[in-house]
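Notes for the one structure printed next.
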Protein chains: 2
Amino acid sequence: MPNNQEQFKDLLRKNGLKVTNQRIAILEALSDRPGEHLTAEEIYDVVKKDYPDIGLATVYRTIQLLSELNLIDKLNLDDGYVRYEIGSENPEENCHHHHHLICLDCGNIYAFQDDLLENLESRIKETLGFDVVNHEVKLYGYCKECINNRAVKSN
Amino acid sequence: MPNNQEQFKDLLRKNGLKVTNQRIAILEALSDRPGEHLTAEEIYDVVKKDYPDIGLATVYRTIQLLSELNLIDKLNLDDGYVRYEIGSENPEENCHHHHHLICLDCGNIYAFQDDLLENLESRIKETLGFDVVNHEVKLYGYCKECINNRAVKSN
DNA sequence: CTATCTGCAAATAATTTGCAACAAA
DNA sequence: TTTGTTGCAAATTATTTGCAGATAG
């Protein structure tokens, strides 16, 4: 959506930052791939198609910027890469109800929404006095396809 | 407990691995600090007191070994270090009900137990066919002490 | 014009690896 | 013995940083 892009430009200006082609291209690369979880290198490769002169350092710097502006979410799968995905349009529900299922077999990542922690978090506030403001939930296991494939192979 | 140490030795032998002072010392370093979350470097510093000749590479190799044997749990706080802690005595409940509260102010980590995900996981199995075998839950926020400190300072 | 960005190359820093010497079985 | 382990140093690799030139406002 071009609307989204205008919002981004305004957000940059509002923070005394400059609107550059590189920044727009990087945000677009992620916007065009909702639900995908790209590494810095992968974003670099995508953006390089339209922008062959871009440097990897710019990608890293822009990713950090977008993350601070809460436009993208970080995801660390402990495989040596930090991954990024575009946030939901509604910033309120951004990370808070957005969790990940990670298949240990094929490596695919499935997102799901759930507010299961709301309850727990108020209980923690009451019993421990700890005020939870954010959370990260990763569920590891085996996806439908991989379970089926295994069943087929073992026959 | 020396009992624990004997179990470890047996486990090593059972897997065709050798019992070495270094391995025992590293497991002890973690066993002596339940609930602490040590980096490889921190473990190295602890073990070096009793074992000045140990190399950092051995610490890394042993950590990996202990992790594969499910004797220790990994914790990644996205601060550039991977941390490790001794698992609970009961291997069944090891990670599964063990979650972390991370204070964004003081950096302290508080563990808590909860089986809140059991429910969700069976729901996921039913609706998506995804079989969850493990999970990682991190809750970020502010601990009681830091909340109090802030209140005091703002007066 | 001038403050911010960019691309490059070099620096950083956690972790891994090759290998010869060493220690457990 | 023989097989696995260690310590060292070098390699690897994701990410960061310094800086001079480029670009947005």
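In this text the structure is predicted, and so the values were computed from the model without any measurement. Each chain gets a letter, A, B and so on, in the order its sequence line appears, and its residues count up from 1.
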Side chain of [X] only, heavy atoms from C-beta on: which candidate in [options] is closest?
X: B:Y60; options: D:dT15, C:dT15, C:dA25; result: C:dT15
X: A:Y81; options: D:dA14, D:dG25, C:dA25; result: D:dA14
X: B:T58; options: D:dT6, C:dA24, C:dG7; result: D:dT6
X: A:K18; options: D:dT5, D:dT23, C:dA25; result: D:dT23
X: A:A40; options: D:dG7, D:dT15, D:dG25; result: D:dT15

Whole-Å gap separating [atom2] ([N]) and [atom1] ([X]):
X: A:L12; N: C:dT4; atom1: CG; atom2: P; result: 14 Å
X: B:Q64; N: C:dT15; atom1: CD; atom2: C1'; result: 10 Å
X: B:D79; N: D:dT16; atom1: CG; atom2: P; result: 13 Å
X: A:I43; N: D:dA14; atom1: CD1; atom2: P; result: 14 Å
X: A:K9; N: D:dA24; atom1: NZ; atom2: P; result: 12 Å
X: B:L77; N: C:dA14; atom1: CG; atom2: P; result: 15 Å
X: A:L65; N: D:dT16; atom1: CG; atom2: P; result: 13 Å
X: A:L56; N: C:dG7; atom1: CG; atom2: P; result: 11 Å

Which residue lies more 5' along DNA chain C, comparing B:T39 with B:L17 via nearest heavy atoms
B:T39
Need to verify one output field. Residue with the more 5' nearest nucleotide on DNA chain C, B:A57 or B:G80?
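Final value for this comparison: B:G80.
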Relative to the ring of B:F130, is the ring of A:Y110 parallel (under 30°), tilted (30 to 60°) or perpendicular (over 60°)?
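Perpendicular: the ring planes of A:Y110 and B:F130 meet at over 60°.
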Worked verdict on B:E126 versus B:R123 for salt bridge (charged side-chain N to carboxylate O under 4.0 Å, His left out):
CA-CA 5 Å; B:E126 280 163 32; B:R123 224 161 67 230; over 6 Å; no
When you measure from the side-chain N and O atoms of A:T20 to the phosphate of C:dT6, is any distance below 4.0 Å, counting only OP1 and OP2?
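For A:T20, the contact criterion (side-chain N or O under 4.0 Å from OP1 or OP2 of C:dT6) is met.
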Classify the side-chain pair B:H100/B:E85 by whether it contains a donor and acceptor separated by less than 3.5 Å.
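There is such a pair (donor and acceptor under 3.5 Å, judged by atom type) between the side chains of B:H100 and B:E85.
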B:I54 with B:Y60, same ILVMFWY side-chain cluster at under 4.5 Å:
yes
With heavy atoms under 4.0 Å as the rule, sort B:Q22 into base, sugar-phosphate or nothing.
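Sugar-phosphate contact only - B:Q22 comes under 4.0 Å of backbone atoms but never of a base.
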Taking all non-hydrogen atoms of both residues into account, name the closest pair between A:V47 and A:A29 and its distance.
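Looking at all heavy atoms of both residues, the closest pair is CG2-CB, 3.9 Å.
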Going by modelled atom types, is there a donor-acceptor pair between the base of D:dG4 and the side chain of B:R61 at under 3.5 Å?
no
